[in-house]
Number of protein chains: 2
Amino acid sequence: MYIINSPRDVQDMARGAVVLGTGGGGDPYIGELLVAAEVANGNFPKIISCDEIGDDDFVLVFAGVGAPSILVENLLSKTAMLRVLARAEAHFDRRVDALLCMEIGGANSMMPLALGAISGVPVLDADGIGRALPQLNMTTFSIHGCPVTPSILMEERGNVVTIEASDDKMAEDISRAATIAMGAGAFCMMYPMSGKRAREVTIHGTISQTLEIGRAIREGRNSHGDPFDNLLRYLNSWPDRTAKIIFDGKIVDVTHEIRNGWHWGQARLQPLNGGGDDCVIEIQNEFTIARINGETATIVPDLITVLDRESAEPLTSDMLAYGQRVKVLSYSCDPVLRRPEALDVLGPRAFGFDEDFRPMEELLGLREPQQAVG
Amino acid sequence: MYIINSPRDVQDMARGAVVLGTGGGGDPYIGELLVAAEVANGNFPKIISCDEIGDDDFVLVFAGVGAPSILVENLLSKTAMLRVLARAEAHFDRRVDALLCMEIGGANSMMPLALGAISGVPVLDADGIGRALPQLNMTTFSIHGCPVTPSILMEERGNVVTIEASDDKMAEDISRAATIAMGAGAFCMMYPMSGKRAREVTIHGTISQTLEIGRAIREGRNSHGDPFDNLLRYLNSWPDRTAKIIFDGKIVDVTHEIRNGWHWGQARLQPLNGGGDDCVIEIQNEFTIARINGETATIVPDLITVLDRESAEPLTSDMLAYGQRVKVLSYSCDPVLRRPEALDVLGPRAFGFDEDFRPMEELLGLREPQQAVG
């Protein structure tokens with residue numbers, strides 16, 4: 001177990017969460033402020049590793065649901081967060097022993113930390129995806145057969161919706177519809193599971209990973225070196241993971257469109273020195289595909305992150321604008337997400353692309369094509 | 001208390017429910033079949049009057065929610081109906097002593113009778129509107145301050161959504177959104193109330209009224225007289241209520257459109273003998289306004305019903321077609337619905353009309369204009 005007791009750590013974690021957000025998941029800034037305020041008041045989030053959780057402990061996922069822009073504009077209410085925790089404990093008739101993060105990328109990285117700081121309930125050092133993804137059912141929890149519901153949705157004015165769904169996609173559909181009816185922003189307690197199950201179905205160590213990513217960038221800047229060197233060294237130190245800068249240039253064209261409640265768009269990059277190369281990044285909330293000279297270079301669920309080319313500050317998809325000088329980072333996803341049953345739910349075809357997943361290591365020629373991990 | 005033990009009674013009730021449905025509320029035909037089948041098997045719905053319910057008895061509204069066309073196409077499941085009753089009893093931790101009808105007009109007239117027949121739970125001879133209206137919060141229950149929620153929505157595949165809403169409009173919005181996500185048809189147990197409260201907030205005797213309306217039409221036909229004579233005699237026998245045929249002719253034009261999940265349209269009628277008069281009826285699920293030669297003749301929440309001019313068979317709004325020979329019935333609504341607090345929720349302006357409510361008795365010159373009942 002360790003505690004987060006420094007505002008700098010909170011800032012590092014938020015920066016790391018944007019890197020893992022692959023352009024989506026919402027900006028963790030408001031959550032960062034709330035956690036930092038709690039830390040300043042001596043309410044430190046406690047992080048426990050998956051080895052420290054008891055087999056029979058009760059674990060619940062805590063997340064914000066809805067449009068990230070609403071969660072950002074409608075400041076988080078501590079009271080509402082405590083209320084949904086209390087309601088969940090009443091519903092399940094037991095104490096919550098640990099909070100779990102649904103997706104470590106973006107705003108939802110901060111939600112369990114904020115509630116953990118406010119309530120004193122420890123936060124498990126893990127999450128359900130190792131990145132950001134746009135639907136409640138796109139998680140390793142669901143892929144391993146741990147259902148989203150019973151879940152409790154709560155909104156600040158006191159609307160409470162308890163859901164038991166026939167399957168996880170239905171849970172997503174009902175939650176989304178109810179959240180929009182309530183004004184597009186709500187808190188959710190979901191994925192009830194035991195400590196033993198949590199150990200089995202989560203991606204471990206990802207809360208720490210945000211801290212370490214954010215720290216690697218910051219320390220790289222402060223050492224007057226290239227922050228990308230530090231960042232790549234850290235990302236490549238994870239077993240079975242590969243990180244590489246796949247493009248360095250400026251944004252020469254970018255489109256943004258809100259359609260069906262999603263942020264769609266495309267960014268086109270060219271090298272700073274001119275030349276014929278170009279890189280096109282597809283946006284569907286997250287960055288889903290990066291193509292270099294028309295060839296797929298990285299594709300979802302592998303991670304694509306766009307960062308300022310000097311400071312290595314990661315950018316969310318809605319921040320992209322003409323003229324920005326950026327580097328594009330490609331990072332292999334957790335091996336679990338490359339399994340066929342995972343790709344069915346969150347692979348390229350789930351996003352409407354007529355293209356199969358291929359690992360970034362193969363696409364970039366870093367290793368020979370091989371069978372997907374089975 | 002009385003029981004419904006004859007298939008003819010069930011048929012009469014369904015016919016009466018279409019009259020009170022004022023064109024909307026869905027066709028009660030499927031519910032009629034289910035109730036008739038139960039009656040044929042000796043499972044008779046028990047109807048109890050508001051005088052017979054105990055002060056401390058527990059009453060719940062049972063209704064179908066969603067698109068009437070889905071409820072008609074997706075045959076009602078007895079198991080699902082019993083399940084939602086059992087879930088409601090578990091949620092409130094008490095037995096349901098009587099079922100209550102939300103709206104007596106249209107398909108929801110039959111729902112409590114069907115569940116009453118299947119489960120043996122009596123049905124209160126009352127409802128929350130005395131007609132059909134398109135939203136869960138448009139009821140005398142809500143107008144009297146009896147909240148829609150806690151409510152339980154359930155759908156056949158086993159999706160269950162429990163709602164506690166901050167207000168009744170929000171209850172409607174969340175229920176509607178969740179129902180659409182589940183496939184546009186669900187059962188709902190809602191408006192939990194005591195027997196005493198039910199006596200105070202309902203319109204009394206409306207289950208019996210459907211039976212008596214249907215019977216009046218049938219007996220009128222069988223007596224080889226004009227069924228309209230019988231129908232008008234019955235409707236005008238209710239204290240404080242007035243019924244009148246306001247137009248007799250044929251449909252010369254009709255438009256239907258589905259927009260925002262509503263059935264919108266307009267029907268234009270002319271006299272059979274030609275001549276310059278015309279009657280235009282606005283459709284917004286229900287018939288909302290009848291205008292004769294451009295002058296408002298009846299306006300929501302007063303009732304407008306279109307019936308076949310020979311058989312007096314009432315027609316739902318989606319049945320209207322070019323060439324039909326029909327009579328238009330205007331029927332004053334229950335006096336409670338004419339109170340200012342009721343008109344705020346279900347008067348013409350709630351349907352987007354820039355026009356105040358005026359009683360049909362005044363509009364038709366049957367009495368001098370007077371202050372609305374306060």
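If you're wondering where the values come from, they're calculated on a predicted model, not measured in any experiment. The chains referred to below are lettered A, B, ... by the order of the sequence lines, with proteins before strands, and numbering in each begins at 1.
- The choice from A/A177, A/A178, A/S175, A/P150 that makes the most heavy-atom pairs within less than 4.5 Å of chain B is A/A177.
- Of all residues spanning residues 165-174 of chain B, those with a heavy atom less than 4.5 Å away from chain A's heavy atoms are B/A165, B/S166, B/M170, B/D173, B/I174, arranged by number.
- Highest contact tally toward chain A, considering only B/T179, B/L153, B/N159, B/I152, is held by B/N159 [criterion: heavy-atom pairs under 4.5 Å].
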Can A/E164 and B/R87 be said to form a side-chain contact (heavy atoms from CB on, under 4.5 Å), step by step? CA-CA 12 Å; A/E164 292 154 72; B/R87 282 300 300 255; 2.6 Å; yes
Pair B/V161-A/V161, side-chain contact (heavy atoms from CB on, under 4.5 Å): steps then yes or no: CA-CA 7 Å; B/V161 178; A/V161 178; 3.4 Å; yes
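- Interface remark: of the candidates A/M154, A/M182, A/E155, A/R176, A/M182 forms the most heavy-atom pairs closer than 4.5 Å to chain B.
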